[in-house]
> 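For reference, the structure I am asking about is given below.
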Amino acid sequence: MRVMSEEVSAELIDEELALSAARQAFLASRYGKTFPVVVAHTTDGQNRLTVKSGSTPTSVGVKIGSYWPGNPALGLARHSSTVLLLDPDTGRVAAVVEASHANGYRTAAADALAVETLSRAESRVLTVVGTGSQARHEALAVSRVRPIENILVVGRRADAAARAAADLRRLTGISVAVVGAEEGCRRADIIVTATTATAPVLDVSWVRAGTHISAMGADGPGKQELPTTLLGRARLFCDLPDQARRIGEFQHAAADATITALGDVLHGIASGRTDDEQITIFDSSGFALQDLALAAALLAREDALGSRAVR
């Protein structure tokens, strides 16, 4: 059994590897299987576990995500992510990959893949709603797949927004500004929402024709980042339609709304954007095949590097 520590996976991960793994996972979603997500709290009612599992003809495994809100007092991050890969022939554990830092890249890569597939090719203004570490990953990933010239940061707290903007300015070399939500939406070609909101963070009237939105914050019942009226005006795409209906942003979509899997677009059996005036929305709630593909890619990179890999 192989074990990859958090330190090694954090050293090996980058946006290129994450995007390649995301593409593989979404293509595999046509023929792979995912199983119901389990979300459970420990006996104290505060700590939370999320278990996602799935399989393809060549991979089987489980991702365990944990949220321990008291960890900062111990000098630890609240969130962690561990992937267990099983031997497809025997069901025995083949590898354990700690991937907490890499998980941010994994999530952003799915949204960037949607941007690459659904947004207008000439999109140059990116608005990021949210100021946490995931928002930074999202901006960096999207900036790799479109010719972004301006990043606009929207946040509830001015100090957090200023810090996020400074970080993105340093990391990308792109013009970055802090703006209000309305200005950010009205100017955007692409909007990424990376929040924990339970009510819309923008107004439908602020979103102009031709905008693409990647929404990743809704991953449980009751969560919501977008107004329902916007869902009625847009073309809707997601990772897994049934899951999006159950725990994603599209739990708030009309019962008769058409929701298209991004994997079907990548396979060419469903259309993506068909004109420059359409508003497209990608609902990213995350699925296990992303984690399996990412873990396998990290192990393959470690093999390729050999003795040069960090230990």
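Just so it is clear, the structure is predicted and the values come from calculations on it, not from any experiment. Start at 1 with the first residue, then count along the sequence.
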> Sequence neighbours left out, what passes side-chain contact (heavy atoms from CB on, under 4.5 Å) with T196? Give chain and number order.
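Not a single residue meets the side-chain contact (heavy atoms from CB on, under 4.5 Å) criterion with T196.
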> Please list all pairs passing the side chain to side chain donor-acceptor pair (under 3.5 Å) test where one or both residues lie in residues 74-95, with sequence neighbours left out.
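Checked against side chain to side chain donor-acceptor pair (under 3.5 Å) - neighbours excluded - the pairs reaching residues 74-95 are S66-S80.
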> Quick one: are H41 and N47 in side-chain contact, heavy atoms under 4.5 Å?
no
> Give, for atom OG of S53 and atom CD1 of I64, the distance between the pair rounded to the nearest 0.5 Å.
10.5 Å
> Using the side-chain contact (heavy atoms from CB on, under 4.5 Å) criterion, which residues pair with D303? Sequence neighbours excluded.
R2
> With clusters defined by side-chain heavy atoms of hydrophobic residues (ILVMFWY) lying less than 4.5 Å apart, directly or transitively, does V60 cluster with V3?
yes
> Residues in side-chain contact (heavy atoms from CB on, under 4.5 Å) with A102, at least two apart?
I13, A99, L294, L298
> Count I, L, V, M, F, W, Y as connected when their side-chain heavy atoms are under 4.5 Å apart, and connections chain through other members. Are L226 and L262 then in the same cluster?
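Per the 4.5 Å side-chain linkage, L226 and L262 are not co-clustered.
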> For T131 versus A160, what's the shortest heavy-atom pair and its separation?
OG1-CB, 3.6 Å
> Take L230 and D203 through the side chain to side chain contact (heavy atoms under 4.5 Å, CB included) test and state the conclusion after the steps.
CA-CA 8 Å; L230 179 60; D203 189 271; over 6 Å; no
> Please determine, by modelled atom types, if T280 and R273 share a side-chain donor-acceptor pair under 3.5 angstrom.
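Present: a donor and an acceptor within the cut-off.
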> Donor-acceptor pair, Q251 side chain versus G248 backbone, under 3.5 Å?
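Yes: the side chain of Q251 pairs with the backbone of G248.
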> Return yes if some donor-acceptor pair links the side-chain N/O of Q290 with the main-chain N/O of F287 below 3.5 Å, else return no.
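Yes: the side chain of Q290 pairs with the backbone of F287.
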> Excluding sequence neighbours, so at least two apart, what forms salt bridge (charged side-chain N to carboxylate O under 4.0 Å, His left out) with K52?
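Expected list: none.
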> Angle class for the H137/H101 ring planes (parallel below 30°, perpendicular above 60°, tilted otherwise)?
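Correct class here is perpendicular.
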> Closer than 3.5 angstrom, by distance alone: can the side chain of S59 be matched with the main-chain N or O of S55 as a donor-acceptor pair?
no
> Judged by modelled atom types alone, do S271 and T274 share a side-chain donor-acceptor pair under 3.5 Å?
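No, no side-chain donor-acceptor contact under 3.5 Å.
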> Please test F237 against T117 for side chain to side chain contact (heavy atoms under 4.5 Å, CB included), starting from the C-alpha separation and ending with a verdict.
CA-CA 11 Å; F237 301 85; T117 306; over 6 Å; no
> V128 versus L152: any side-chain heavy-atom pair under 4.5 Å?
no
> Hey, what do you get for CE (M4) to CD (E98), rounding to the nearest 0.5 Å?
10.5 Å
> With rounding to the nearest 0.5 angstrom, report the CD1 to CD1 distance, I151 to I148.
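Those atoms lie 7.0 Å apart.
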> Under the rule for salt bridge (charged side-chain N to carboxylate O under 4.0 Å, His left out), what residues qualify as partners of D283, not counting sequence neighbours?
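Per chain and number, D283 pairs via salt bridge (charged side-chain N to carboxylate O under 4.0 Å, His left out) with no residue.
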> Can you list every pair that meets ring-ring contact (aromatic ring centres under 6.0 Å, His included) and has a residue in residues 189-226, with sequence neighbours left out?
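As it turns out, there is no ring-ring contact (aromatic ring centres under 6.0 Å, His included) pair with a partner in residues 189-226 once direct neighbours are skipped.
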> Backbone N or O of I190 within a donor-acceptor pair of the T211 side chain at under 3.5 Å?
no
> Between A121 and P147, which heavy-atom pair has the shortest distance, and what is it?
O-CD, 3.5 Å
> How many angstroms lie between OG1 in T260 and CG in L118, if you round to the nearest 0.5 Å?
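That separation rounds to 9.5 Å.
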> Do the non-hydrogen side-chain atoms of F282 and V115 ever get within less than 4.5 Å of each other?
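Answer no - side chains too far apart.
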> Quick one: CD on E249 to CD1 on I213, what's the gap to the nearest 0.5 Å?
9.5 Å
> Could you walk me through whether E7 and E11 pass side chain to side chain contact (heavy atoms under 4.5 Å, CB included), step by step?
CA-CA 6 Å; E7 291 74 20; E11 181 69 21; over 6 Å; no
> Under 4.5 Å between side-chain heavy atoms, counting indirect links through other Ile/Leu/Val/Met/Phe/Trp/Tyr residues: same cluster for V207 and V201 or not?
yes
> Specify the closest pair of heavy atoms between A295 and L85, including all atoms of both residues, with the distance to one decimal.
CB-CD1, 4.0 Å
> Does anything in residues 160-172 pair up under salt bridge (Lys or Arg N to Asp or Glu O under 4.0 Å), and if so which pairs, sequence neighbours excluded?
R136-D167, D159-R163, D167-R170
> Run the salt bridge (charged side-chain N to carboxylate O under 4.0 Å, His left out) test against D14 and tell me which residues pass, sequence neighbours left out.
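Partners of D14 under the salt bridge (charged side-chain N to carboxylate O under 4.0 Å, His left out) test: R301.
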> Can you find a pair of side-chain heavy atoms, one from L231 and one from T229, that are under 4.5 Å apart?
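Side-chain contact under 4.5 Å: no.
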> Between D239 and L289, is any pair of side-chain heavy atoms under 4.5 Å apart?
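They are not in side-chain contact.
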> Which distance, rounded to the nearest 0.5 Å, do you find between the CG of D219 and the OG of S285?
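D219 atom CG to S285 atom OG measures 7.5 Å (nearest 0.5 Å).
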> Taking distance alone, no hydrogens or angles, what donor-acceptor pairs closer than 3.5 Å link side-chain atoms of residues 174-189 to residues at least two apart or in another chain?
from	atom 1	to	atom 2	distance (Å)
S175	OG	N150	OD1	3.4
E182	OE2	R186	NE	2.9
E182	OE2	R186	NH2	3.1
E183	OE2	R187	NH1	2.9
D189	OD1	R120	NH2	2.8
D189	OD1	R208	NH2	2.8
D189	OD2	R124	N	2.9
D189	OD2	V125	N	2.9

> Are L266 and L113 side-chain neighbours, meaning at least one heavy-atom pair lies under 4.5 Å?
yes
> Quick check: does any side chain N or O of S143 sit under 3.5 Å from a backbone N or O of A139, one acting as donor and the other as acceptor?
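Side chain of S143 to backbone of A139: a pair is present.
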> Are the side chains of R146 and S119 in touch, meaning some heavy atoms are under 4.5 Å apart?
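SC-SC contact between R146 and S119 confirmed.
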> State, to 0.1 Å, how close A161 and V153 come at their nearest heavy-atom pair, and which atoms those are.
O-CG1, 4.0 Å
> Would you say the side-chain atoms of E225 pair up with the backbone N or O of T195, donor to acceptor, closer than 3.5 Å?
yes
> If you look only at distance, which donor and acceptor atoms sit under 3.5 Å apart when one is on a side chain in residues 15-38 and the other is two or more places apart or in another chain?
from	atom 1	to	atom 2	distance (Å)
R23	NH2	E116	OE1	2.6
S29	OG	F26	O	2.5
R30	NH1	D264	OD1	3.2

> Tell me, please, which residues at least two apart from P200 pass side-chain contact (heavy atoms from CB on, under 4.5 Å).
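Expected list: Q224, P227.
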> Under 4.5 Å between side-chain heavy atoms, hopping through other hydrophobics if needed: is there a path connecting Y105 to L299?
yes
> Search all heavy atoms of A110 against all heavy atoms of S284 and return the closest pair with its distance.
CB-OG, 4.2 Å
> Write down the atom of A257, the atom of L236, and the distance for their closest heavy-atom approach.
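The answer is CB-CD1, 4.1 Å.
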> How about V192 and L126: do any of their side-chain heavy atoms sit closer than 4.5 Å?
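In contact.
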> Could you check T193 against M216 for side chain to side chain contact (heavy atoms under 4.5 Å, CB included), going step by step and ending with a plain yes or no?
CA-CA 6 Å; T193 55; M216 57 75 54; 5.8 Å; no
> Does one hydrophobic cluster hold both V129 and I281, with members joined at side-chain heavy-atom distances below 4.5 Å?
yes
